[in-house]
Amino acid sequence: MKTHYTYPRILSIAGSDSGGGAGIQADLKTFSALGCYGMTAITALTAQNTCGVRAIHGVPQDILRAQIDAVVEDIGVDAVKIGMLHAPEVVITVAQALDDHGLSQIVLDPVMAAANGARLISDEAVQTLVRELFPRASVVTPNLDEAAMLLGRPLLTQDDMLQAASDLLQLGARAVLVKGGHMPGHDVVDIFQEKGGEPLVMRSPRIVTLNLHGAGCTLSSAIAAFLGLGESLPQAVVAARDYVMQAIAAGAAVKIGQGTGPMNHGYSPVEMKIKLNK
């Protein structure tokens, strides 16, 4: 292949949020803010706003696969973020596409419920997700509630989170980031651990705000962006977490909608990066 210049190319395979704060929309804002070229394969359309999810419409599997094929075969992909996969057949389609195209640097955000508690994935899909995508992902990024659902037990303390990280690795994940934002306390604690490695405990003062919609989507897409920019996985996790905390702080006092508002993805955008592609 002829040497040429390109952008860091990040693909989001996820659901659409009509309110713009989460899902595909948040991912694209994040990719752009971090200097990457964002692409999408939409798994489902949701009718939602800051107050909650009103309806979900799944995209046909042949159209989902066609989106992935079209992007990879023409543009290429440096990293992948996977979000909402609402049904077992969606998980299978995505897993097959990852294998067929040899895609790597995969960040799996196991989206299971909306902020208002609306369930976004079936029980069968959860089982399929663990079996098919945990081993393929570079890192899995559940929040506290999602980790509890995956493990079938409540997570109430930092020690619970540490044990959860270890147990999720036993389910087949190569690395895991357990997000502790839903745990009460003055600080937000997140735990990152790779298989065979020691846990990294990250702690930050909690930012008091209602504008947290899409925080998980944004964090996982930021990790994918930093991987696409050439960072190692631990470096990408730390940098992505810092970006999210600053985006939350920058949008903490802004009023958007009547419920849980979005963060400020574009608080400090950078120019699109250009890299040599061989």
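By convention here, the first residue in the shown sequence is residue 1.
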- Task: For Arg241 and Ser204, run side chain to side chain donor-acceptor pair (under 3.5 Å): C-alpha distance rounded to whole Å, both residues' side-chain angles, the deciding distance at 0.1 Å, then the answer.
- Result: CA-CA 10 Å; Arg241 187 178 186 274; Ser204 301; 2.7 Å; yes

- Item | side-chain contact (heavy atoms from CB on, under 4.5 Å) evaluation trace for Thr128 with Ile92 | CA-CA 8 Å; Thr128 308; Ile92 295 296; 3.8 Å; yes

- Message: Is there a ring pair (Phe, Tyr, Trp, His ring centres under 6.0 Å) between Phe31 and Tyr7? Walk through the geometry before answering.
- Response: CA-CA 11 Å; Phe31 300 154; Tyr7 303 118; over 10 Å; no

- For Gln127 and Asp123, run side chain to side chain donor-acceptor pair (under 3.5 Å): C-alpha distance rounded to whole Å, both residues' side-chain angles, the deciding distance at 0.1 Å, then the answer. CA-CA 7 Å; Gln127 298 171 13; Asp123 289 336; over 6 Å; no

- Message: Test salt bridge (Lys or Arg N to Asp or Glu O under 4.0 Å) on Arg153 and Asp160; report intermediate values, then the result.
- Response: CA-CA 10 Å; Arg153 65 175 187 267; Asp160 290 343; over 6 Å; no

- Output, in order, the C-alpha distance, side-chain angles, deciding distance and verdict of side chain to side chain donor-acceptor pair (under 3.5 Å) for Asp159 and Gln163. CA-CA 6 Å; Asp159 286 341; Gln163 186 61 52; over 6 Å; no

- Query: Can Ile106 and Ile82 be said to form a side-chain contact (heavy atoms from CB on, under 4.5 Å), step by step?
  - Reply: CA-CA 7 Å; Ile106 298 163; Ile82 300 175; 3.7 Å; yes

- Message: Does Val176 form a side-chain contact (heavy atoms from CB on, under 4.5 Å) with Glu194? I'd like the steps, not just the answer.
- Response: CA-CA 6 Å; Val176 62; Glu194 296 181 275; over 6 Å; no

- Query: Between Leu133 and Leu85, is a side-chain contact (heavy atoms from CB on, under 4.5 Å) present by the stated rule, with each step listed?
  - Reply: CA-CA 11 Å; Leu133 291 182; Leu85 306 177; 3.4 Å; yes

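Residues Val94 and Val91 fail the side-chain proximity criterion, which asks for heavy atoms closer than 4.5 Å. The shortest side-chain heavy-atom distance between Asn211 and Ile256 does not fall under the 4.5 Å cut-off. The shortest distance between side-chain heavy atoms of Leu108 and Thr141 does not fall below 4.5 Å. Between Met263 and Leu212, the closest side-chain pair of non-hydrogen atoms is not below 4.5 Å. Thr40 has its side chain within reach of Leu28: a pair of non-hydrogen atoms, C-beta onward, lies under 4.5 Å apart. Side-chain atoms of Lys179 and Leu219, non-hydrogen and from C-beta on, do get closer than 4.5 Å to each other. Side-chain contact check for Leu200 versus Gln193: every heavy-atom pair is 4.5 Å or farther apart. A 4.5 Å side-chain heavy-atom check between Ile42 and Ile13 finds every atom pair outside the cut-off.
A pairwise comparison of heavy atoms in Val188 and Gly181 identifies CG1-CA, 3.9 Å as the closest pair. Contact record, Met84 with Thr43: O-OG1, 2.7 Å, taken as the closest heavy-atom pair. Pairing each heavy atom of Ala147 with each of Val178, the nearest pair is CB-CG1, 4.5 Å. Residues Ala26 and Cys217 come closest through the heavy atom pair CB-CB, 4.5 Å. Smallest separation of non-hydrogen atoms from Pro8 and Gly228: CB-O, 3.8 Å. Contact detail for Ala14 and Ile24: the closest heavy-atom pair is O-CG1, 3.5 Å.
Not a single donor-acceptor pair under 3.5 Å links the side chain of Arg174 to the backbone N or O of Val139. Within the 3.5 Å criterion, the main-chain N or O of Gly185 finds a donor-acceptor partner in the side chain of Arg206. In this structure, Glu146 contributes its side chain and Asn143 its backbone to a donor-acceptor pair below 3.5 Å. Remark: the backbone N or O of Gly19 is paired with a side-chain donor or acceptor of Asp17 at under 3.5 angstrom. For the pair Asp187 (side chain) and Val189 (backbone), a donor-acceptor distance under 3.5 Å is absent. Under a 3.5 Å cut-off, the side chain of Ser18 and the backbone N or O of Gln48 do form a donor-acceptor pair. Remark: the backbone N or O of Tyr243 is not paired with any side-chain donor or acceptor of Gln246 at under 3.5 angstrom. Using a distance-only test at 3.5 Å, with no hydrogens or angles considered, a donor-acceptor pair links the side chain of Thr50 to the main chain of Gly259. Judged purely by atom type and a 3.5 angstrom limit, Lys255 has no side-chain atom pairing as donor or acceptor with the backbone of Gly261.
Val53 and Leu210 fall into different hydrophobic clusters, where Ile, Leu, Val, Met, Phe, Trp and Tyr residues are linked whenever their side-chain heavy atoms come under 4.5 Å apart, directly or through other members. Leu227 and Val244 fall within a single hydrophobic cluster, where Ile, Leu, Val, Met, Phe, Trp and Tyr are joined by side-chain heavy atoms under 4.5 Å apart, directly or via other members. Hydrophobic clustering of Ile, Leu, Val, Met, Phe, Trp and Tyr side chains at less than 4.5 Å, counting indirect connections, keeps Met202 apart from Met161. Hydrophobic clustering (ILVMFWY, side-chain heavy atoms < 4.5 Å, transitive): Leu34 and Val237 are in one cluster. Residues Leu144 and Phe192 do not share a hydrophobic cluster, defined by chaining ILVMFWY side chains whose heavy atoms lie under 4.5 Å apart.
With rounding to the nearest 0.5 Å, the separation of CD in Gln170 from CG in Leu151 is 11.0 Å. Atom CG of residue Leu168 and atom NZ of residue Lys195 lie 11.0 Å apart, to the nearest 0.5 angstrom. The CE atom of Met39 sits 12.0 Å away from atom CG of Asp27, with the distance rounded to the nearest 0.5 Å. In this structure, the separation between CG on Leu11 and OG on Ser221 is 12.0 Å, given to the nearest 0.5 Å. Atoms CG and CD1, on Leu98 and Ile68 in that order, are 7.0 Å from each other to the nearest 0.5 Å. Interatomic distance, CZ of Arg65 versus CD of Gln96, reported as 7.0 Å (0.5 Å rounding).
In this structure, a donor-acceptor pair under 3.5 Å is present between the side chains of His265 and Thr218. At a cut-off of 3.5 Å, with distance as the only test, a side-chain donor of Lys81 or Ser220 sits close to an acceptor on the other residue. Looking only at atom types and distance, the side chain of Ser16 has a donor-acceptor partner in the side chain of Gln25 under 3.5 Å away. A donor-acceptor contact closer than 3.5 angstrom is absent between the side chains of Ser138 and Gln105. Side chains of Gln158 and Arg203: a donor on one and an acceptor on the other come within 3.5 Å.
Atom CD of Glu73 is surrounded by more than 12 heavy atoms from other residues, nucleotides or ligands within 6.0 Å. Remark: Tyr37 OH is loosely packed, at most 12 non-hydrogen atoms of other residues, nucleotides or ligands lying under 6.0 Å away.
For the side-chain contact (heavy atoms from CB on, under 4.5 Å) with Thr6, the lone residue among Leu276, Ile274, Asn277 that qualifies is Asn277.
Between Lys275 and Asp78, at least one side-chain nitrogen of the basic residue sits less than 4.0 Å from a carboxylate oxygen of the acidic one, meeting the salt-bridge criterion.
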